Amino acid sequence: MPLFLYNDLTHQKEIFTPLEKGKVRFYVCGPTVYDYIHVGNARPFILFDILRRHMEDMGYEVVYVQNFTDIDDKMINKARDLGISVDELAERFITAYFEDADALGIRRATIYPRATHYIPQIIKLVERLIERGHAYVVDGDVYFDVLSFPGYGRLSKQSLEELLSGARVEIDPKKRHPLDFALWKAQKPGEPAWDSPWGMGRPGWHIECSAMAIDILGETIDIHAGGSDLLFPHHENEIAQAEAATGKAFVRYWIHNGYLLIEEEKMSKSLGNIVSVREAMRLYSPLAIRLFMLSAHYRSPLSFSGEALNHAVSAAGRLQNGWKELSFALQHRPRKKERDDVLRETIEATEARYEEELNDDFNTAGALGAAFDCVRAVNSYLAQHEEVDEESLIEAERFLARVDRVMGIIGIERLADIDDLMTSEIERLVSERERARKAKDFKKADAIREELAKKGIILEDTPHGTRWSKAM
RNA sequence: GGCGGCAUAGCCAAGUGGUAAGGCAAGGGACUGCAAAUCCCCUAUCCCCCGGUUCGAAUCCGGGUGCCGCCUCCA
């Protein structure tokens with residue numbers, strides 16, 4: 001089954017085919033680096049990274065670009081409040097972004113362009129728009145002329161009149177049309193500025209993404225993603241600028257994730273109801289946060305709550321335990337000669353379903369269901385059979401490792417991250433404890449368990465021996 | 001006012017024409033020196049309401065009710 005994605009440009013699910021066979025050009029709108037990111041910001045970053053990993057898992061080469069907006073009103077105001085330069089502010093929160101994103105297990109993008117590093121490309125794009133009659137200069141500002149671009153409103157599915165009617169846009173006498181937007185803003189006193197054909201100034205918000213995407217990925221890219229709040233005006237404007245300048249289709253598939261809600265309301269800075277990623281990670285593991293993000297379809301709203309996160313903690317524990325149980329069985333159970341076809345078929349069916357779900361518009365909740373089915377099948381099998389079918393269990397192990405590689409919700413790498421010396425020491429103590437238990441020397445057995453617990457090693461006594469693992 | 005989305009068990013949630021995935025919680029059982037866990041089983045005659053189409057609908061159509069988002073900075 002090929003990959004289907006819901007395209008916001010056409011408002012329907014479509015088969016995904018990249019412009020160039022085997023290669024995907026993927027652009028995601030990144031953060032404005034004026035503060036720590038909150039969990040609502042993290043939703044697209046986690047989700048689209050996983051979509052990209054799934055594409056790689058399917059054999060695509062993915063060039064994945066995520067920008068940093070490091071110059072705009074919010075940056076200028078915040079820098080002023082803190083008494084530092086806009087550049088220092090950007091450095092500080094880009095560093096913070098990487099700390100948070102790395103901790104959340106978000107894989108690094110191929111490239112992280114910054115708006116201020118693309119000023120020449122931005123200026124060139126604005127010049128092109130002026131030449132082609134899509135933009136005009138007023139007192140050092142440059143505006144995009146929406147009336148000159150007939151397709152304006154296609155993405156948000158609204159005509160100019162409709163967009164205006166509910167409008168809370170203030171009338172700006174400089175603009176020809178109220179929906180015209182700034183491509184370049186003339187410098188105000190004290191603001192950072194760059195030299196341009198229209199005098200000192202800085203880029204408008206929307207132009208940076210078009211300029212960077214075009215420069216890095218080309219005039220037509222495969223996927224452009226971001227939160228739904230970017231649909232209008234940000235992405236609508238990006239299309240207008242890019243297509244008016246190049247005359248080519250800018251983005252082939254637009255995808256947007258639904259909002260993260262808190263107490264039934266959108267989590268956003270202006271509402272003041274945010275939970276930062278840092279705060280969330282003090283309480284919940286990255287695995288649980290990731291699982292939580294995957295538990296609903298990416299286009300649906302998702303409610304953040306302590307209850308929901310606690311559910312995710314338990315669910316992630318179940319997956320991880322399933323993995324541990326499986327590894328333990330493969331190491332310690334006697335092998336059976338003949339194959340178990342029922343188990344094998346179940347595992348295969350489960351993996352096939354996992355793929356189908358992800359390929360059906362990135363249905364992560366469905367794919368998770370398949371992963372849980374696999375765990376239950378294995379657990380159930382291990383509960384009923386003393387001797388095990390090694391081949392089938394290896395199949396299951398391979399599948400769960402794949403789930404973890406794409407979704408990052410089991411933590412296999414961290415579980416295995418123990419050096420050999422430590423491992424042999426642990427195993428020596430575990431067998432010493434086993435002997436003590438057999439000799440009914442429970443005092444000693446408990447002491448060993450205590451000692452290892454202090455080192456972050458958890459012991460669990462099972463009917464098949466004592467299983468140990470890292471505390472996570 | 002315009003545009004769009006959602007309504008499925010106690011909670012979260014998938015499923016969009018063929019007879020209700022999965023997770024959490026609760027209940028029952030297993031295991032166990034203890035503890036902490038863990039595992040297994042079980043849970044919706046039914047998918048907001050009313051009407052229609054169909055052999056057949058949670059899924060399609062019409063109407064209604066409720067909730068949310070966008071049209072302004074926002075992931």
Side-chain angles (χ1 to χ4, degrees), chain A residues 8 11 13 28-32 37-48 66 69 72-74 77 153 156-159 161-170 179 205 225-234 236 256-261 264-271 274 291-292 294-297 299-303 305 307-319 321-322 324-325 353 357 360 363-373 375-376 378-380 382-384 436-438 440-443 445-446 449-450 453 458-464 467:
Chain A
D8 281 308
H11 314 286
K13 253 191 233 178
V28 180
C29 280
T32 300
I37 57 166
H38 65 250
V39 284
N41 297 322
R43 188 175 184 194
F45 303 151
I46 291 174
L47 249 23
F48 297 131
Q66 184 181 299
T69 296
D72 79 336
D73 290 347
K74 294 195 295 288
N77 294 334
S156 45
K157 232 183 161 181
Q158 298 251 71
S159 67
E161 298 71 48
E162 286 169 338
L163 284 165
L164 259 181
S165 68
R168 285 166 279 176
V169 276
E170 55 201 87
L179 289 173
W205 174 37
S228 311
D229 37 10
L230 299 181
L231 230 147
F232 188 89
H234 186 52
E236 191 71 63
H256 296 90
N257 63 278
Y259 298 124
L260 192 75
L261 310 180
E264 308 295 301
E265 260 188 326
K266 176 181 170 187
M267 184 183 288
S268 80
K269 271 213 99 157
S270 42
L271 290 171
I274 59 167
L291 185 72
F292 163 72
L294 294 171
S295 68
H297 189 93
R299 286 192 280 112
S300 302
L302 175 63
S303 286
S305 69
E307 195 192 4
L309 266 293
N310 283 327
H311 289 175
V313 169
S314 304
R318 180 173 165 81
L319 281 180
N321 194 71
K324 289 185 199 168
E325 201 62 45
R353 207 189 120 212
E357 297 282 10
D360 183 9
N363 187 347
T364 54
L368 276 180
F372 280 107
D373 278 341
V375 167
R376 176 149 29 70
V378 169
N379 283 340
S380 184
L382 293 177
Q384 283 163 23
R437 288 180 74 211
K438 283 210 176 91
K440 307 249 184 241
D441 184 355
F442 297 122
K443 217 169 172 181
D446 290 350
R449 187 165 62 193
E450 273 296 298
I458 293 173
L459 264 46
E460 284 163 290
D461 297 326
T462 81
H464 304 280
R467 197 180 88 188

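Computed from a predicted model, the values in this text were never measured in an experiment. In what follows, every chain begins at residue 1, and chains take the letters A, B, ... in the order their sequences are listed.
- Side-chain contact check for A:Glu264 versus A:Leu261: every heavy-atom pair is 4.5 Å or farther apart.
- Nearest heavy-atom pair, A:Ala315 versus A:Leu291, reported as atom, atom and distance to 0.1 Å: CB-CD2, 3.4 Å.
- Here B:C3 presents its C1' atom at 14 Å from CG of A:Leu164, a figure rounded to the nearest Å.
- Side-chain atoms of A:Pro31 and A:Asn41, non-hydrogen and from C-beta on, never get closer than 4.5 Å to each other.
- Pair assignment for B:C55 gives B:G18, based on Watson-Crick or G-U wobble hydrogen-bonding distances that are each under 3.5 Å.
- Across B:G69, B:A21, B:A14, the shortest atom-to-atom separation from the side chain of A:His297 is found for B:A14.
- Closest to the side chain of A:Ala296, from the set B:A14, B:A21, B:C71, is B:A14.
- The phosphate of B:U38 has neither OP1 nor OP2 within less than 4.0 Å of any side-chain N or O from A:Asn379.
- Atom P of nucleotide B:G10 and atom NE2 of A:His311 are separated by 14 Å, given to the nearest angstrom.
- Counting to the nearest Å, the P atom of B:C3 and the CD atom of A:Glu236 are 16 Å from each other.
- In terms of position along RNA chain B, the nucleotide closest to A:Ser295 lies nearer the 5' end than the nucleotide closest to the other residue of the pair A:Ser295 and A:Leu260.
- One atom, CG of A:Leu368, and another, C1' of B:G15, lie 15 Å apart when rounded to the nearest Å.
- Counting atom types as modelled, A:Asp461 pairs a side-chain N or O with a base atom of B:C34 as donor and acceptor under 3.5 Å.
- Atom P of nucleotide B:U16 and atom CZ of A:Arg299 are separated by 12 Å, given to the nearest angstrom.
- In the interface, the side chain of A:Asp446 is paired with the base of B:G33 through a donor and an acceptor atom under 3.5 Å apart.
- Nucleotide B:U45 forms no Watson-Crick or G-U wobble pair with any nucleotide shown, as no partner meets the under 3.5 Å limit on both distances.
- Both thresholds, 5.5 Å between centres and 30° between ring planes, are not jointly met by A:Phe372 relative to the base of B:G22, so the two rings are not stacked.
- Checking B:G22, B:A37, B:C70 against the side-chain heavy atoms of A:Glu460 singles out B:A37 as nearest.
- Residue A:Lys157 is the one, among A:Lys157 and A:Glu307, whose nearest nucleotide of RNA chain B lies closer to the 5' end (criterion: closest heavy atom).
- Here the P atom of nucleotide B:A75 and the CG atom of A:Asp72 are 9 Å apart, to the nearest Å.
- Within the 4.5 Å cutoff, the side chain of A:Thr69 has no heavy atoms near those of the A:Lys74 side chain.
- In terms of phosphate contacts, A:Arg467 brings no side-chain nitrogen or oxygen within less than 4.0 Å of OP1 or OP2 of B:U38.
- When only modelled atom types and interatomic distance are considered, A:Ser159 and A:Glu161 share a side-chain donor-acceptor pair under 3.5 Å.
- A donor N or O paired with an acceptor N or O is not found under 3.5 Å between the base of B:A36 and the side-chain atoms of A:Arg449.
- When Watson-Crick and G-U wobble pairs are counted only if both distances are under 3.5 Å, B:G69 pairs with B:C3.
- Residue contacts shown for A:Ser314 are limited to sugar-phosphate atoms, with no base heavy atom under 4.0 Å away.
- Across all strands shown, B:C11 forms a Watson-Crick or G-U wobble pair with B:G23, both key distances being under 3.5 Å.
- With a 3.5 Å ceiling on both atom-pair distances, the Watson-Crick or G-U wobble partner of B:U38 is B:A30.
- Straight-line distance from the NZ atom of A:Lys440 to the C1' atom of B:U32: 12 Å, rounded to whole Å.
- In the set B:A13, B:C71, B:C70, B:C70 carries the atom at the smallest distance from any side-chain atom of A:Tyr259.
- Of all nucleotides listed (B:C71, B:G22, B:A75), B:A75 comes nearest to the side chain of A:Leu230.
- With distances taken from any side-chain atom of A:Phe232 to the nucleotides B:C40, B:C71, B:A14, the minimum falls on B:C71.
- Dashed line: the shortest gap from a side-chain N or O of A:Lys266 to OP1 or OP2 of B:C70 is under 4.0 Å.
- Residue A:Ala365 is in base contact, counting any heavy-atom pair closer than 4.0 Å across all strands shown.
- Here the side chain of A:Asn363 is nearest to one of B:A14, B:A21, B:A75, namely B:A14.
- Of the charged side-chain nitrogens involved, at least one lies within less than 4.0 Å of a carboxylate oxygen, so that A:Arg467 and A:Glu325 count as a salt-bridged pair.
- Side-chain contact between A:Glu307 and A:Asn310 is absent, with no heavy-atom pair separated by less than 4.5 Å.
- Of the candidates B:A75, B:C31, B:C3, B:C3 carries the atom nearest the A:Glu162 side chain, counting heavy atoms from C-beta on.
- Close to B:A37, at under 4.0 Å from its OP1 or OP2, lies no side-chain N or O of A:Asn321.
- When side chains are defined from C-beta on, A:Lys13 counts as touching A:Asp360, because their heavy atoms get closer than 4.5 Å.
- The phosphate of B:C39 has OP1 or OP2 within less than 4.0 Å of a side-chain N or O from A:Arg318.
- The gap from the C1' atom of B:U45 to that of B:G5 amounts to 30 Å, rounded to the nearest Å.
- The nearest whole Å value for the distance from the CD atom in A:Glu357 to the P atom in B:G22 is 12 Å.
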